[in-house]
Amino acid sequence: MEESIIIIGSNGQIGTELATALRLKYGEKSVVTSDIRQPNTPSQGPFEIVNVLDKELLQSLFEKYKPTQVYLLAAVLSAVGEQNPKLAWDLNMTGLLNVLDLSVTYRVDKVFWPSSIAVFGPHSPKEETPQYCIMDPSTVYGLSKQAGERWCEYYFNKYGLDVRSIRYPGLISWKAAPGGGTTDYAIHIFHEALSKGTYECFLSAETRLPMLYMEDAIQGTLQLMDAPAENLTIRSSYNLTGLSFTPAELAEAIKVHVPEFSISYSNNDPRQAIADGWPSSINDEYARKDWGWNPQFNLKAMTEEMIKNLKQNLETT
Ligand code: AKB
């Protein structure tokens with residue numbers, strides 16, 4: 001059967017690259033991208049304006065395209081969420097429930113919804129954080145992701161909706177800007193290293209966080225969505241990671257390519273407290289076992305790719 005795929009929140013960091021990957025795989029016309037505003041560059045296929053909080057409008061999208069797969073990427077991330085907690089809760093929770101409800105009504109085959117390492121908190125094990133452990137998130141983003149995971153599992157158990165999810169760590173990419181998270185420093189640093197040769201980091205030198213290069217993240221997402229349903233033992237959200245590093249280690253890796261680069265650290269940024277409550281590394285054995293997760297990019301390879309592509313961008317603009 002031909003696929004009809006809707007991506008909600010397609011203008012963001014993940015959506016931009018996922019749309020390209022899905023269009024390559026299923027054809028341009030089979031993938032409908034949607035967001036609250038027009039994309040910066042012309043869409044390669046059908047595009048619709050939609051607000052995930054407007055259930056009627058969202059329903060008209062489901063009615064028009066009768067999707068077989070839905071990817072819900074619209075969300076408020078950790079740092080921005082702390083500036084407007086009620087908005088973050090509303091968008092992240094009501095948006096998810098609207099999509100889950102309509103997916104049941106329209107008998108969508110598969111739904112993808114991203115969770116995050118933000119579901120963990122200060123009492124979760126910090127190193128090699130396991131799939132199952134104490135979770136006491138302290139940001140509204142983390143609260144919404146943790147509750148969202150429970151809802152996904154609930155809809156799977158109660159209505160048989162095939163919802164699949166990944167707890168993304170910090171995602172590093174160069175095609176689209178990050179959306180207001182705590183891990184965004186790991187992208188800003190590359191831009192500023194190349195444009196200015198210096199960077200003031202809002203996290204401390206030794207703050208180790210789990211990360212993933214976008215190419216791996218997209219591969220992993222497609223792999224999870226392709227996996228036979230019977231192989232999936234987790235219907236909340238899968239732990240996933242690629243690498244873990246500190247700002248100081250990342251700065252050293254960048255210096256290999258930009259020897260004059262220097263980094264300084266601010267010590268009064270509210271994002272530090274968020275990062276301090278998160279894991280420094282993740283155990284993703286369930287993803288490896290259930291659907292063959294095997295990331296390709298380590299710190300050296302990721303840094304090379306980022307520098308190469310951003311340099312090319314700078315030269316052509
Ligand atoms: C954030 O920093 O908020 C996100 C995330 C880890 O989910 N990148």
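Atoms within a ligand are numbered from 1 in the order they appear, just like the ligands themselves. Here the structure is a predicted model, which means the values were calculated and not measured. We're numbering straight along the sequence, starting at 1.
Electrostatic pairing of Lys55 and Asp101 counts as a salt bridge here, judged by a charged N lying under 4.0 Å from a carboxylate O. Between Asp90 and Lys86, none of the side-chain N atoms (NZ, or NE/NH1/NH2) sits under 4.0 Å from a carboxylate O, so this pair counts as no salt bridge. Under the 4.0 Å criterion applied to side-chain N and carboxylate O atoms, Glu149 and Arg167 are assigned as salt-bridge partners.
Residue-ligand proximity, Thr182 to ligand 1, at heavy-atom distances under 4.0 Å covers atoms 1 (C), 2 (O), 3 (O). Residue-ligand proximity, Ser116 to ligand 1, at heavy-atom distances under 4.0 Å covers atoms 5 (C), 6 (C), 7 (O). Of all atoms in ligand 1, listed by their number and element, those nearer than 4.0 Å to a heavy atom of Ser78 are 1 (C), 2 (O), 3 (O). Counting the atoms of ligand 1 from 1 in the order shown, those under 4.0 Å from a heavy atom of Trp278 are 1 (C), 2 (O), 3 (O), 6 (C). Close approach of ligand 1 to Ile117 (heavy-atom distance below 4.0 Å) involves ligand atoms 6 (C).
Ser4 and Thr68 share no side-chain donor-acceptor pair at under 3.5 Å.
Of the protein's non-hydrogen atoms, the one nearest atom 8 (N) of ligand 1 is Thr183 OG1, 2.9 Å.
For ligand 1, none of its N or O atoms has an N or O atom of Asp184 under 3.5 Å away.
With sequence neighbours excluded, the residues that form a side chain to side chain contact (heavy atoms under 4.5 Å, CB included) with Pro228 are Glu230, Asn231.
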Distance-only donor-acceptor hits, side chain of residues 251-263, under 3.5 Å, sequence neighbours excluded:
{"unit_1": "Glu252", "atom_1": "OE2", "unit_2": "Lys255", "atom_2": "NZ", "d": "3.4"}

